[in-house]
Amino acid sequence: MSLIFWKPGTAGPGSNVDRASEKEENVVPYAPQDSHLSIQRQQERLPIYKHKEKLLYCIEKYGVMIVVGQTGCGKTTQLPQYLLQAGWAADGLVIACTQPRRIAATSVASRVADEVGTKLGNEIGYTIRFEDVSSKENTRILYMTDGMLFRETLVDPLLSRYSVIMVDEAHERSVYTDLLLGILRKIRKKRPALRIIVSSATLDAMKFFDYFSQGSSPEECTIVSLEGRMYPVEVAYLSEPTADYIQKAAEVVWNLNLQEGSGDILVFLTGREDIDRCLQELSDMLPTLPVRARRLIPLPLHAGLTTDEQLLVFQPAAAGTRKVIISTNIAEIRVYHPTTTLASLATVPISAASATQRAGRAGRTAPGICYRLYPASFFNALALTTSPEITRTDLTTPILQLKSLGINDLMKFDWVSAPPAETVLRALEGLYAAGMIDENGKLTPMGEKVSECPVEVGIARMLFRSKEYKCGEEILTIAAMTTVQDVFIIPDGASGALAELERRKFTAEEGDHLTLLNAYNAFTRYGRSSGWCKSHALSFRAMSRAISIRAQLKKYMLRFNLPIESCEGDSKRLARCLVSGYWRNGARWMPDGTYRSVRGNLVLHVHPTSVLFTRKPRTGWVIFHEMEETKKAQSVRPL
DNA sequence: GAGCACTGC
């Protein structure tokens, strides 16, 4: 946890880069034989546009260019434009720039279209899931999510329509970024004309450089540094660790506010619960605030808020007031990767790289101070970076996709960071058990088709088996509903108990999957309105997303000649079909109220959000969507 | 009897 202090009149976290500073960046290119330490030594203060020719020279000469620079140094918006001007998009070729997140792909594309003075979707476009604002004929610069480009390799393995591919924010190391880099390295061997730009934060640049230069000629790879301007940020530590960092955060905010001077405050906490408590602590102190001190405006910032509520934090504080934004790492958008593992939502210490980047937030527009709510010795003991997501997540679906690309020997695949061998073995074993690969590890006809479907393997399997059980209509809905999260919410101003009552109206005796089906059907029956959702404690955003996903999956079913029939209320048939997808996720009810998993014989508890939390399963057996570690222990969401 | 950091196709 850390606390950041920045000057007023600026948008604060997550804001767009300020354009003024873009004209004053440094560009320090150097050849691969130089030590990476020379990034620091060779600081020349030269603007990016003056080095346009040098950048273009590097991309011409080297196949792969690693660009080091902070968020806001202009690489995302300017570099593709330089390439366009230099003719890299001639002959119908396209310059791609990938982003780990949808929001970044759309907002950057629209900004570049503005700068170029063209309508978005024409010369400059973007492609994200469910939205293709680009033109096959006219688009020359295409911003897209990295997942989208990875998927395109399944259709066009050499990505032949692209001349340059820039993988932006690569240091975040999302699963798709890593997969994409692995594929791009292979593509370059077969199509050396393709140019690759990997944009990364300083700390990770050498990793990418080593990866791309391994076993290739010295002409293959280079690093260019575009270090951005930063104001000094002082870092303060606690002299002793605190037992209650939430209260400590509130105290530090309070003391800061009593000091002279202007400036807003940004606090990072681990989750929503902590944020609410910190806000409470602050508001308890508010009545004692001296008249001459600035009035504190505490603002929460987390994903549970609506877009409008999130936008509140960007409004400048009025005269005589000071914003205190208390945030989860949503405020670190475009800056780093998550700090916890995927399997459990345990809170883990921040990495040194993330902590440094957070501190940098305070120096974007003026000098600032970062207060770390732990002793300096703790900082020195932090891991340098967070491990890449690919090393700590299930790889069943990615491996099926790699197989589909013809990469058969996964033990020999050159990963940027190799996942544990056990994860790969478990994925292969799962794919074999699901009938997606044969005993030689080759894709089966069903595996071939499933690799194209944008859902997890089990869900896809269930969609294919729905033909047999004549329930495609319902399974399609359930597949869509299980992939959106947070369907049931507590609307603003409503009590949790009331929301619970509303939720019960959709409850199916059979379990959560049929409950989701009921909610979806009611939503479509009653006009798909946000008002209706609010009065029934459903998230309109989640429901709308379910509609999009269902429509997308339906296209795949039609393409694979799978009938979309209704089971006409026959829940037995539906249950059988569900088991065909979730057959590995079975558990048995025990007289003490817990469950035992079929695989591994683990002790499981029903998650409190499940409709089976208050019920006993009729048959004594359940299947569940997912298993996660909570404060209690493993819990499941059963059928 | 008890809970939800953040993405992506």
Side-chain angles (χ1 to χ4, degrees), chain A residues 1 14 98-105 127-132 144-155 169 172-180 268-276 301-304 327-348 350 354 386 388-390 393 397-398 400-401 450-457 459-460 479-480 483-490 496 499-500 539 542 545 548-549 552-553 555-556 592-594 605-610 612-616 626 628-635 637:
Chain A
M1 307 80 215
T98 72
Q99 299 290 324
R101 275 174 293 280
R102 295 158 53 96
I103 183 90
T127 309
I128 58 177
R129 189 182 188 183
F130 309 129
E131 265 182 81
D132 183 6
M144 60 208 301
T145 45
D146 44 22
M148 209 65 195
L149 188 59
F150 178 68
R151 186 153 287 279
E152 197 169 329
T153 61
L154 295 176
V155 186
E169 310 288 355
E172 289 194 23
R173 305 295 303 273
S174 79
V175 169
Y176 283 117
T177 302
D178 272 29
L179 289 170
L180 192 58
F268 287 106
L269 296 176
T270 59
R272 191 175 165 171
E273 207 178 307
D274 289 1
I275 289 170
D276 290 342
L301 181 60
H302 54 78
S327 173
T328 60
N329 49 16
I330 189 175
E332 302 159 67
I333 281 173
R334 309 175 64 197
V335 182
Y336 4 80
H337 32 95
T339 50
T340 57
T341 67
L342 209 90
S344 72
L345 292 168
T347 303
V348 302
I350 192 169
S354 294
T386 311
E389 193 186 359
I390 204 159
T393 191
T397 305
L400 181 68
Q401 287 167 335
V450 165
S451 71
E452 291 180 43
C453 297
V455 280
E456 278 166 41
V457 170
I459 305 285
T483 55
V484 299
Q485 303 137 1
D486 305 320
V487 170
F488 299 103
I489 52 159
I490 300 167
E500 183 66 30
S539 158
R545 199 171 151 75
S548 303
I549 295 175
Q552 190 191 32
L553 295 179
K555 283 188 200 154
Y556 283 93
D592 65 359
T594 65
H605 302 266
V606 180
H607 196 276
T609 57
S610 167
L612 281 199
F613 188 62
T614 52
R615 286 176 176 74
K616 183 184 146 187
E626 62 184 355
E628 67 181 19
E629 199 167 340
T630 64
K631 276 174 196 150
K632 182 171 171 75
Q634 289 86 6
S635 42
R637 299 183 59 187

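These numbers were taken from a predicted model, which means no experiment stands behind them. Below, chains carry the letters A, B, ... as their sequence lines are ordered, and counting in each starts from 1.
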Evaluate Ser539(A) against Asp486(A) for side chain to side chain donor-acceptor pair (under 3.5 Å), listing each step before the verdict. CA-CA 7 Å; Ser539(A) 158; Asp486(A) 305 320; over 6 Å; no
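Residue Phe130(A) is out of contact with every strand shown, counting any heavy-atom pair closer than 4.0 Å. At the heavy-atom level, Thr614(A) lies under 4.0 Å from base atoms of the strands shown. At the heavy-atom level, Thr145(A) lies under 4.0 Å from the strands shown only through sugar-phosphate atoms.
Between Gln552(A) atom CD and dG8(B) atom P there is a gap of 14 Å when expressed in whole angstrom units. A straight line from CD1 of Ile103(A) to C1' of dT7(B) spans 12 Å, rounded to a whole angstrom. The interatomic distance linking Asp178(A) (CG) with dT7(B) (C1') rounds to 14 Å, in whole Å. Straight-line distance from the CG atom of Leu149(A) to the P atom of dC9(B): 12 Å, rounded to whole Å. If you take CG of Asp486(A) and P of dG3(B), they are 16 Å apart, rounded to a whole angstrom. If you measure from atom CG of Leu553(A) to atom C1' of dG8(B), you get 14 Å, rounded to the nearest angstrom. Remark: P of dT7(B) and CD1 of Ile128(A) are 13 Å apart, rounded to the nearest angstrom. The distance from atom CZ of Arg101(A) to atom P of dC6(B) is 12 Å, rounded to the nearest whole Å.
Between the side chain of Arg151(A) and the main chain of Glu452(A), a donor-acceptor pair closer than 3.5 Å is present.
Ion pairing of Arg101(A) with Glu172(A) is present here, as a side-chain N (NZ or NE/NH1/NH2) and a carboxylate O approach within less than 4.0 Å.
Note on His607(A): every side-chain N or O is 4.0 Å or more away from OP1 and OP2 of dA2(B). Considering only side-chain N and O atoms, Arg102(A) lies under 4.0 angstrom from the phosphate OP1 or OP2 of dC9(B).
Using a 4.5 Å cut-off on side-chain heavy atoms (C-beta onward), Thr483(A) and Arg545(A) make no contact.
Each of Phe613(A) and Cys453(A) lies near DNA chain B, and the nucleotide nearest Phe613(A) is the one positioned closer to the 5' end.
None of Leu179(A), Asp146(A), Leu180(A) except one satisfies the side-chain contact (heavy atoms from CB on, under 4.5 Å) rule with Ser174(A); the exception is Asp146(A).
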